Amino acid sequence: MDENVRTEVQKRLDRYLTDGLAAVTGWFEPDSAEVVATVLGHQLATDVRGDVAEIGVHHGKSFLLLANGVRPDERAVALDVFEDQARNVDDSGRGDRDVLERNVAQWAAESEVVVVQASSTDVAVADAASTFGRVRLFSVDGGHTSEITRHDLLLAETVLVDGGVVVLDDVLNAHWLGVLTGLTHYLAGDHGLVPFALSPNKVYLAAPADAATYAEVLREAHPDLLGKRDVELLGSRIDIYGQGSPRVRQRYADDVAERSSRHAAVAAAAASVATAEGRVAELQDAREATGRRIEELALLLAEEKRARLAAERRIAAMTGSTSWRLTTPVRAASGWAKARRRG
Ligand SMILES: C[S@@+](CC[C@H](N)C(=O)[O-])C[C@H]1O[C@@H](n2cnc3c(N)ncnc32)[C@H](O)[C@@H]1O
């Protein structure tokens with residue numbers, strides 16, 4: 001029975017990765033979506049149970065992946081200020097509840113989704129479970145200031161089940177360094193989670209007992225995305241997915257190959273245009289030469305015509321004269337005598 005559930009949930013995850021991700025607007029790199037899907041898949045396979053949750057859902061691009069990863073008895077909780085944008089103090093994204101709900105209906109209709117309109121700062125750490133439940137995958141992508149980031153990490157840590165993972169967005173985004181600052185403050189304090197991996201825009205945290213397991217799971221699942229292992233980050237060693245990885249290098253190489261083949265095609269097209277232009281110029285020259293020859297011939301023809309008319313006029317003048325008419329019998333007799341001599 002559980003195996004069937006797992007297969008069904010995995011199918012929904014795959015469908016969202018293949019069709020949904022590109023269709024929903026927001027911020028979620030495909031390479032990171034794959035890594036998050038692997039974490040969800042591992043939880044399904046190892047019977048880690050609990051809800052999923054996201055703070056800061058915007059239109060649901062990343063939330064919907066989480067929502068597709070729940071079993072029938074688990075919930076997906078989406079919290080955002082939505083239309084109350086005055087509370088989006090750092091202007092990170094812009095939640096829209098109507099758009100989110102349409103996207104949920106289209107891409108996660110089979111999951112139990114709970115939408116909460118609030119600022120995460122309204123939720124007290126001690127009371128986090130009443131809003132989020134007990135969570136196995138918690139995505140933090142709401143306010144991007146250091147205070148809100150630290151607060152949201154504490155919320156996530158409080159409700160996380162054993163084997164759970166927290167995914168923090170924008171940690172290395174140069175425009176949102178409050179997130180890195182907030183993570184630093186969280187790790188400098190009394191903290192229960194440690195980072196174990198980083199993928200485009202995301203850092204992954206888990207309890208120390210789980211971090212090593214997840215690091216292994218990701219290494220095994222994504223050798224083509226693994227760029228570097230054991231990079232130091234704020235007291236932990238983490239693996240870097242994306243940057244410098246075989247897949248990303250291959251993508252650059254394919255990109256360069258495609259550009260150079262497009263360049264060659266453009267150069268070949270330019271060369272054939274130049275050849276065609278040369279041929280057009282030759283044909284124009286030939287047409288001009290033919291035009292000139294036609295004009296010359298027309299002049300010659302006109303001259304010829306004038307000469308013929310002049311000759312006809314001279315003949316007419318001669319045959320119409322009196323002497324010509326008087327000498328007609330003489331010309332006839334001379335013709336008769338010539339004929340007899342011959343006969
Ligand atoms: C960068 S967007 C989230 C992107 C989203 N995760 C995605 O997949 O595209 C940030 C979101 O956080 C919301 N937000 C900002 N401050 C918040 C707060 N204090 N509490 C809850 N949501 C907040 C914004 O309304 C916005 O929708």
Side-chain angles (χ1 to χ4, degrees), residues 13 16-17 19-37 39-40 52-69 76-104 106-108 111 113-125 127-128 131-132 135 137-156 159 165-183 186 199-204:
L13 283 171
Y16 183 70
L17 283 177
D19 303 331
L21 192 64
V24 177
T25 45
W27 297 269
F28 197 21
E29 296 285 332
D31 290 347
S32 289
E34 269 187 56
V35 174
V36 173
V39 171
L40 288 164
V52 298
E54 181 168 78
I55 295 175
V57 292
H58 188 66
H59 298 168
K61 196 176 179 80
S62 53
F63 171 73
L64 288 164
L65 181 68
L66 274 52
N68 275 290
V77 181
L79 183 141
D80 199 295
V81 295
F82 293 119
E83 276 57 52
D84 195 3
Q85 283 295 312
R87 307 204 64 200
N88 183 354
V89 290
D90 52 307
D91 257 343
S92 52
R94 194 178 183 83
D96 184 319
R97 188 168 183 155
D98 289 343
V99 177
L100 172 77
E101 284 179 352
R102 278 202 301 276
N103 285 335
V104 167
Q106 181 169 4
W107 296 107
S111 306
V113 170
V114 178
V115 179
V116 181
Q117 175 161 357
S119 167
S120 64
T121 54
D122 296 340
V123 183
V125 172
D127 198 27
T131 301
F132 298 108
V135 176
L137 202 144
F138 202 127
S139 164
V140 175
D141 195 8
H144 283 42
T145 66
S146 58
E147 291 83 5
I148 297 177
T149 301
R150 180 172 169 276
H151 172 78
D152 291 354
L153 285 172
L154 289 172
L155 289 176
V159 297
V165 169
V166 174
V167 185
L168 173 64
D169 192 67
D170 277 334
V171 74
L172 292 185
N173 186 329
H175 289 199
W176 304 105
L177 292 174
V179 178
L180 178 61
T181 312
L183 174 66
Y186 167 79
S199 70
N201 282 346
K202 307 279 183 195
V203 72
Y204 300 78

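We count ligands from 1, going down the list as the structure has it; atoms in each ligand are counted the same way. Quantities reported herein were computed from a predicted structural model and do not represent experimental measurements.
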Next item on the list: Considering heavy atoms of the protein only, find what lies nearest to atom 9 (O) of ligand 1 and give residue, atom and distance to 0.1 Å.
Entry: W27 N, 2.8 Å
Next item on the list: Number the atoms of ligand 1 from 1 as they appear, then name those within less than 4.0 Å of a heavy atom of G26, with their elements.
Entry: 9 (O)
Notebook entry, point to check: Quick one: does T25 get an N or O within less than 3.5 Å of an N or O on ligand 1?
Noted result: no
Next item on the list: Answer yes or no: is there a side-chain heavy-atom contact under 4.5 Å between L155 and F132?
Entry: yes
Next item on the list: Give the atoms of ligand 1, by number and element, whose distance to some non-hydrogen atom of S62 is under 4.0 Å.
Entry: 6 (N), 7 (C), 8 (O)
Item checked: Side chain proximity check, D31 to S199, heavy atoms < 4.5 angstrom -> no
Next item on the list: Output the list of atoms in ligand 1 that are nearer than 4.0 Å to some heavy atom of H58, sorted by atom number.
Entry: 3 (C), 4 (C), 5 (C), 27 (O)
Margin query: Among all the protein's non-hydrogen atoms, which is closest to atom 15 (C) of ligand 1, and how far away is it?
Written below: N88 OD1, 3.2 Å
Note to self: Would you say that S119 contacts D122 through its side chain, given a criterion of any heavy-atom pair below 4.5 Å between the two side chains?
What the structure shows: yes
Note to self: Using heavy atoms and a 4.0 Å limit, tell me yes or no: is T121 in contact with ligand 1?
What the structure shows: no
Check: Do D84 side-chain atoms and Q117 backbone N/O form a donor-acceptor pair below 3.5 Å?
Finding: no
Notebook entry, point to check: Side chains of L65 and L21: closer than 4.5 Å at any heavy-atom pair?
Noted result: no
Item checked: Part of A118 within contact of ligand 1 (heavy atoms, under 4.0 Å) -> backbone
Check: Any idea which part of V57 is under 4.0 Å from ligand 1, heavy-atom wise: side chain, backbone, both or neither?
Finding: backbone
Notebook entry, point to check: Hey, is R94 touching ligand 1 through its side chain, its backbone, both or neither, going by heavy atoms under 4.0 Å?
Noted result: backbone
Checklist line | Where ligand 1 meets L79 - atom numbers and elements under 4.0 angstrom, heavy-atom basis | finding: 21 (C)
Next item on the list: Kindly confirm or rule out an N or O of H144 lying under 3.5 angstrom from an N or O of ligand 1.
Entry: no
Checklist line | Distance filter under 4.0 Å to G95 heavy atoms, resulting ligand 1 atoms | finding: 24 (C), 25 (O), 26 (C), 27 (O)
Check: atom 27 (O) of ligand 1: which protein heavy atom is closest, and how many Å away?
Finding: D80 OD2, 2.7 Å
Check: Hey, is H59 one of the residues with a heavy atom under 4.0 angstrom from ligand 1?
Finding: no
Notebook entry, point to check: How many angstroms lie between atom CG of L154 and atom OG of S120, to the nearest 0.5 angstrom?
Noted result: 11.0 Å
Check: ligand 1 and D141, any nitrogen or oxygen pair closer than 3.5 angstrom?
Finding: yes
Next item on the list: Supply the atom-to-atom distance N103 CG to L64 CG, rounded to the nearest 0.5 angstrom.
Entry: 6.0 Å
Item checked: D127 and V123, any side-chain heavy atoms less than 4.5 Å apart -> no
Notebook entry, point to check: Is there a donor-acceptor contact under 3.5 Å from the side chain of D90 to the main chain of G143?
Noted result: no
Notebook entry, point to check: In terms of heavy-atom contacts, does CZ of R87 have more than 12 from other residues, nucleotides or ligands at under 6.0 Å?
Noted result: yes
Checklist line | Nearest-neighbour protein heavy atom for atom 17 (C) of ligand 1, which is reported as residue plus atom name and distance | finding: G143 N, 3.5 Å
Next item on the list: Would you indicate which of S120, G56, S92 comes nearest to atom 20 (N) of ligand 1 when only heavy atoms are counted?
Entry: S120
Notebook entry, point to check: How long is the gap from OG1 on T145 to CG on D152, to the nearest 0.5 Å?
Noted result: 8.5 Å
Notebook entry, point to check: So do F63 and D80 actually touch side chain to side chain, heavy atoms under 4.5 Å?
Noted result: no
Checklist line | Closest protein heavy atom (residue, atom, distance) for atom 19 (N) of ligand 1 | finding: S119 OG, 3.1 Å
Margin query: With a heavy-atom distance limit of 4.0 Å, tell me whether F28 approaches ligand 1 through its side chain, its backbone, both, or neither.
Written below: neither
Checklist line | Spacing of OH belonging to Y16 relative to OG belonging to S111, to within rounding of 0.5 Å | finding: 12.0 Å
Notebook entry, point to check: Which of the atoms in ligand 1, numbered in the order shown and given with their element, are less than 4.0 Å from a heavy-atom of E54?
Noted result: 6 (N)
